[in-house]
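Here is the structure we will look at.
Below, chains carry the letters A, B, ... as their sequence lines are ordered, and counting in each starts from 1. On a predicted model such as this, the values are computed, not experimentally measured, just so you know.
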Amino acid sequence: MKSLLQQQLNTIIAELQYPAVDINFETPKVAAHGDLTTNAAMVLAKSVGKNPRQVAQSIVERISIDESFLSAVEIAGPGFINFRFSPRYVVEQSKRILQESTAFGKSDAAKGRKTNLEWVSANPTGLLHAGHGRQVLIGQVIGNLLEWTGHDVTREYYFNNAGNQMRTLAESIYARYRQELGDDYPSPEEGYKGEYITDIAKEIIAEKGDSLRETDAERTYFRKYGETWCFAKIKETLARLNVKHDVFYNEDSLYSSGKIAEVIEEFKKRDLAYDSEGAVWFRATKFGADKDRVIVKSTGEPTYRLPDIAYHREKFRRGFDLIVDIFGADHIATIPDVLNGVNALGYNTDDVKVIIHQMVSFVNGDEVVKMSKRNAKTYTLDDLIDEVGVDAVAYFFVMRSVGTHLEFDIALAKEQSDKNPVYYLQYAHARIASILRHAATAEIDANNAANLLSTTDFSLIKEKEELDLLKKLLEFPDMVKSCAFSFEPHRLTTYLREVAETFHRFYHEHRVINEDKALMQARLTVCAMTKTVIANGCTILSVSCPEKM
RNA sequence: GGUCCCGUAGCUCAACUGGAUAGAGCAACAGCCUUCUAAGCUGUGGGUUGCAAGUUCGAUUCUUGCCGGGAUCACCA
């Protein structure tokens with residue numbers, strides 16, 4: 001529709017000898033303003049030297065109204081040109097929903113674009129805490145959105161099982177192991193103190209008894225055990241949320257394959273790195289930073305920056321066209337260095353999309369939930385899922401724009417009532433499912449899309465609420481694209497809420513099950529279409545759609 | 001102090017990326033169930049979009065400066 005009108009307008013503009021401009025079509029916020037609107041006249045007004053309404057008038061006069069598409073074209077406000085779709089067009093278009101069914105909303109807008117999506121990437125030194133949930137779900141939904149728009153997505157988890165943090169983990173477990181054996185042995189000053197350390201220590205005792213009292217200085221056994229244990233737990237938690245990564249990329253492989261050394265060498269060759277005070281420094285100041293950064297410590301160990309740069313370079317080398325990273329706001333300082341580094345190596349960082357989400361705070365009604373890392377009683381993501389359920393977790397974490405702080409109300413998420421937004425959506429789906437079950441008793445198989453397509457009298461769909469609903473449903477494919485390309489999953493939750501709302505209104509105004517069988521089937525068709533869109537939307541959101549509630 | 005993010009109804013947040021009368025949910029108030037799920041629907045009240053300038057046909061959106069909140073500024077990741 002949009003492209004048809006666009007074409008026609010361009011022709012008209014040329015005929016009128018107006019300059020060619022970028023014209024914009026939008027769906028107006030207010031339904032009274034029609035189904036589609038363009039600002040063409042206002043954009044043209046200045047260069048043409050007439051007032052916008054005159055320009056609009058000259059354009060509208062030349063638009064031909066084809067009843068199979070348009071029912072009206074109007075000029076409104078400061079010079080908007082508003083188009084109204086004909087009911088016939090809307091109903092005709094809606095058949096797509098039945099035809100495409102579970103694929104309705106998918107597109108090949110970015111067909112074959114090789115995309116690397118990296119997220120979570122928590123090191124295996126502990127459990128995912130509740131705050132991690134935001135990143136987990138944002139990444140999950142963005143991954144789905146990218147797939148729905150044709151991207152070829154590799155879901156990746158980057159981890160480091162070497163270095164300081166792992167040493168600390170090993171030391172923490174070892175200390176707890178000794179303590180559990182009754183020895184007076186101190187925990188490391190900055191060690192991990194969570195309950196899980198005790199769990200791990202106890203498991204080791206159960207398996208090995210006290211045979212590991214005297215162990216090597218590297219605490220190799222404890223380190224390996226801790227890593228395996230933590231990773232298993234992390235993956236378990238992710239699995240509960242249907243999150244599955246295709247690649248677990250080990251930072252260590254960058255060392256063993258010499259990629260790290262390679263980067264240092266190239267930096268030095270380009271005078272982007274230099275030796276000083278026994279360390280190697282990256283000239284971050286060349287890129288506007290306040291001071292240079294150490295990339296190799298005087299101990300010979302690289303800081304995180306260097307492997308991160310090498311890692312991103314490898315992503316390019318692996319042939320990805322689009323690289324998406326999701327980080328929490330606490331990582332914000334590291335991003336410029338990495339991008340500058342990769343850029344310096346000759347890669348186009350326009351193809352790197354870094355999504356930074358703000359932090360999460362948890363409240364339980366009026367009470368603020370503390371969850372400090374040092375605290376022994378960490379509030380884990382598992383705890384949160386246990387408390388409020390998978391669907392509420394999935395929905396709540398993406399329902400706000402990534403740029404704002406998220407306040408997660410546990411009491412609200414837990415509440416099984418109308419206060420809880422996730423139920424509103426699921427309720428609409430369950431309600432439709434219930435209606436379709438009734439239809440079965442009237443011998444109409446409303447779950448059979450092909451059957452509905454061939455036997456429904458679509459001309460019976462003509463009520464305002466029905467047409468409003470169909471129009472809303474038809475926005476879905478554009479909505480998916482728009483959410484995907486702007487990396488804004490929260491807009492999908494807003495949209496689906498509107499779909500549910502529009503459906504409830506239709507349901508309230510018009511009875512579906514009734515004596516007029518043809519009419520009943522027409523309305524069942526509208527229901528089936530709505531169910532498809534809600535289900536597809538929920539699939540993207542990783543939220544389940546119950547048939548009954 | 002530098003950098004980044006945020007400031008919208010009593011509360012939590014939207015606003016299709018510069019559009020028309022700034023919208024939802026919760027909370028408050030008033031209605032709607034002998035019929036398909038009332039976990040629903042309809043209506044009322046609630047706003048100087050932190051403040052002040054600027055850019056233009058038009059600003060919650062872009063620019064600048066203040067004010068307030070958060071994140072971050074390691075030879076930790």
Side-chain angles (χ1 to χ4, degrees), chain A residues 24 26-30 32-33 37 39 42-43 45-46 51-52 76-80 82 121-123 125 160 163-165 168 190 251 277-281 288-291 293-305 307-308 328-336 356-359 361 363 366 399-409 412 415-421 423-424 426-428 430-439 475 478-479 482-483 486 488 490-491 493-495 497-498 500-501 503-505 507-514 520 523-524 527 548-549:
Chain A
N24 217 341
E26 284 181 0
T27 308
K29 283 181 201 168
V30 188
H33 294 145
T37 186
N39 61 355
M42 289 177 295
V43 177
K46 195 162 63 173
N51 85 48
F80 290 100
N82 296 339
S121 296
N123 282 336
T125 58
N160 173 11
N164 271 333
Q165 299 197 348
T168 307
E190 293 290 307
E251 179 183 325
E277 303 164 44
V280 183
W281 298 69
D290 52 346
K291 55 186 169 189
R293 312 285 180 182
V294 170
I295 49 175
V296 182
K297 299 185 239 174
S298 50
T299 59
E301 274 180 277
T303 63
Y304 65 90
R305 275 172 244 272
D308 274 7
D330 51 342
H331 281 66
I332 198 155
T334 80
I335 292 156
I356 297 161
H357 62 86
Q358 297 300 311
M359 305 274 90
S361 57
V363 297
D366 296 330
M399 91 181 154
R400 303 302 182 209
S401 109
V402 299
T404 56
H405 285 88
L406 172 67
E407 186 166 289
F408 195 115
D409 189 336
L412 175 63
E415 195 156 344
Q416 309 225 339
S417 78
D418 56 338
K419 291 178 189 172
N420 192 334
Y423 286 101
Y424 185 81
Q426 294 183 317
Y427 180 70
R431 203 178 213 186
I432 294 169
S434 168
I435 296 168
L436 300 192
R437 280 193 297 274
H438 277 87
E475 288 174 22
D478 277 342
M479 185 52 69
S482 160
C483 290
S486 62
E488 292 180 312
H490 75 277
R491 284 178 37 208
T493 64
T494 308
Y495 166 77
R497 221 210 128 274
E498 288 167 4
E501 188 178 8
F503 171 76
H504 285 312
R505 205 159 17 222
Y507 172 90
H508 189 259
E509 290 298 319
H510 305 287
R511 243 192 105 69
V512 177
I513 308 295
N514 61 43
M520 170 160 83
R523 291 187 177 162
L524 283 168
C527 289
K548 277 183 188 175
M549 283 175 80

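One can place CG of L406(A) at 13 Å from C1' of C6(B), the figure rounded to the nearest angstrom. Rounded to whole Å, atom P of G40(B) lies 9 Å from atom CE of M549(A). Rounded to whole Å, the distance from CD1 on I356(A) to P on U3(B) is 16 Å. Atom-to-atom, CD of E498(A) to P of C16(B) comes out at 12 Å; the value is rounded to the nearest Å. Rounding to whole angstrom units, CG of residue N51(A) and C1' of U56(B) are separated by 16 Å. When rounded to the nearest whole Å, the span between NE2 of H490(A) and C1' of A14(B) equals 7 Å. Whole-Å rounding puts the E475(A) CD to C16(B) C1' distance at 9 Å. Distance, E415(A) CD to C11(B) C1': 15 Å, rounded to whole Å.
Across every strand in view, C36(B) sits unpaired, with no contact that passes the Watson-Crick or G-U test at under 3.5 angstrom. Using N1 to N3 plus N6-O4 or O6-N4 for Watson-Crick, or N1-O2 and O6-N3 for G-U wobble, each under 3.5 Å, G65(B) pairs with C51(B). The partner of C4(B) is G70(B), by the rule that a Watson-Crick or G-U pair needs both atom distances under 3.5 Å. With a cut-off of 3.5 Å on both pairing distances, the Watson-Crick or G-U wobble partner of A28(B) is U44(B).
Across all strands shown, T494(A) has heavy atoms under 4.0 Å from sugar-phosphate atoms exclusively, and none from any base. Nucleic acid contact class of S486(A) (heavy atoms, under 4.0 Å, all strands): base. Contacts of A430(A) with the nucleic acid, taken as non-hydrogen atoms under 4.0 Å apart, include base atoms. Among the atoms of the strands shown, none is found under 4.0 Å from any heavy atom of H357(A). Among the heavy atoms of the strands lying under 4.0 Å from Y424(A) are primed sugar atoms or P, OP1, OP2 only; no base atom is included. Contact annotation for N39(A): base contact, defined as any heavy-atom pair under 4.0 Å involving a base atom.
Taken to the nearest 0.5 Å, the OG1 atom of T168(A) stands 9.0 Å off from the CD atom of E190(A). Rounded to the nearest 0.5 angstrom, I335(A) CD1 and R305(A) CZ are separated by 11.5 Å. From E251(A), atom CD reaches atom CG of N123(A) across 7.5 Å, with rounding to the nearest 0.5 Å. Rounded to the nearest 0.5 angstrom, I295(A) CD1 and D308(A) CG are separated by 12.0 Å. The CG atom of N39(A) sits 7.0 Å away from the CD atom of E26(A) when rounded to the nearest 0.5 Å.
Position along RNA chain B of the nearest nucleotide to I513(A) versus Y423(A) favours I513(A) as the more 5'-ward residue. Between Y507(A) and S482(A), the residue whose closest nucleotide on RNA chain B is further toward the 5' end is S482(A).
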Would N514(A) and M520(A) count as a side-chain contact (heavy atoms from CB on, under 4.5 Å) if you check the C-alpha gap in whole Å, the side-chain angles of each, and the deciding distance to 0.1 Å? CA-CA 6 Å; N514(A) 61 43; M520(A) 170 160 83; 4.0 Å; yes
Should I435(A) and Y507(A) be marked as a side-chain contact (heavy atoms from CB on, under 4.5 Å) after you check the CA-CA gap, both sets of side-chain angles, and the distance that decides it? CA-CA 10 Å; I435(A) 296 168; Y507(A) 172 90; 3.7 Å; yes
Between L436(A) and L524(A), is a side-chain contact (heavy atoms from CB on, under 4.5 Å) present by the stated rule, with each step listed? CA-CA 7 Å; L436(A) 300 192; L524(A) 283 168; 3.8 Å; yes
Can you check side-chain contact (heavy atoms from CB on, under 4.5 Å) on H504(A) and Y424(A), steps first, answer last? CA-CA 10 Å; H504(A) 285 312; Y424(A) 185 81; 3.6 Å; yes
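Atom P of G70(B) sits at a distance of 24 Å from the matching atom of U64(B), rounded to the whole Å. With both ends at atom P, the span from G50(B) to A14(B) equals 14 Å, rounded to whole Å. Here the separation of C76(B) from C16(B), taken at their C1' atoms, is 42 Å to the nearest Å. Atom P of G46(B) sits at a distance of 14 Å from the matching atom of G23(B), rounded to the whole Å. Remark: the separation of the C1' atoms in C51(B) and U8(B) is 14 Å, to the nearest Å. On the C1' atoms, G7(B) is 16 Å away from A52(B), given to the nearest whole Å.
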Sugar-phosphate atoms are those with a prime plus P, OP1 and OP2; base atoms are the rest. Using that split, label each nucleotide of nucleotides 69-76 of chain B B, S or - for protein heavy atoms under 4.0 Å, 5' to 3'. BSSS-SBS
Annotated protein contacts, base or backbone, on nucleotides 20-25 of chain B with a non-hydrogen cut-off under 4.0 Å, one of B, S, - each: B---SS
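Base orientation at C51(B) is anti, since its O4'-C1' glycosidic dihedral falls outside 90° of 0.
For C33(B), neither phosphate oxygen OP1 nor OP2 lies less than 4.0 angstrom from any side-chain nitrogen or oxygen of H508(A). Regarding contacts with the backbone of C36(B), every side-chain N or O of R437(A) stays at 4.0 angstrom or more from both OP1 and OP2.
Residues S482(A) and R491(A) bring a donor and an acceptor atom of their side chains to less than 3.5 Å of each other.
Side-chain N or O atoms of R523(A) include one that pairs as donor or acceptor with a backbone N or O of R511(A) at under 3.5 Å. The closest donor-acceptor contact from the side chain of N82(A) to the backbone of H33(A) lies under 3.5 Å.
Nearest to the side chain of T404(A), among A14(B), G40(B), G19(B), sits A14(B).
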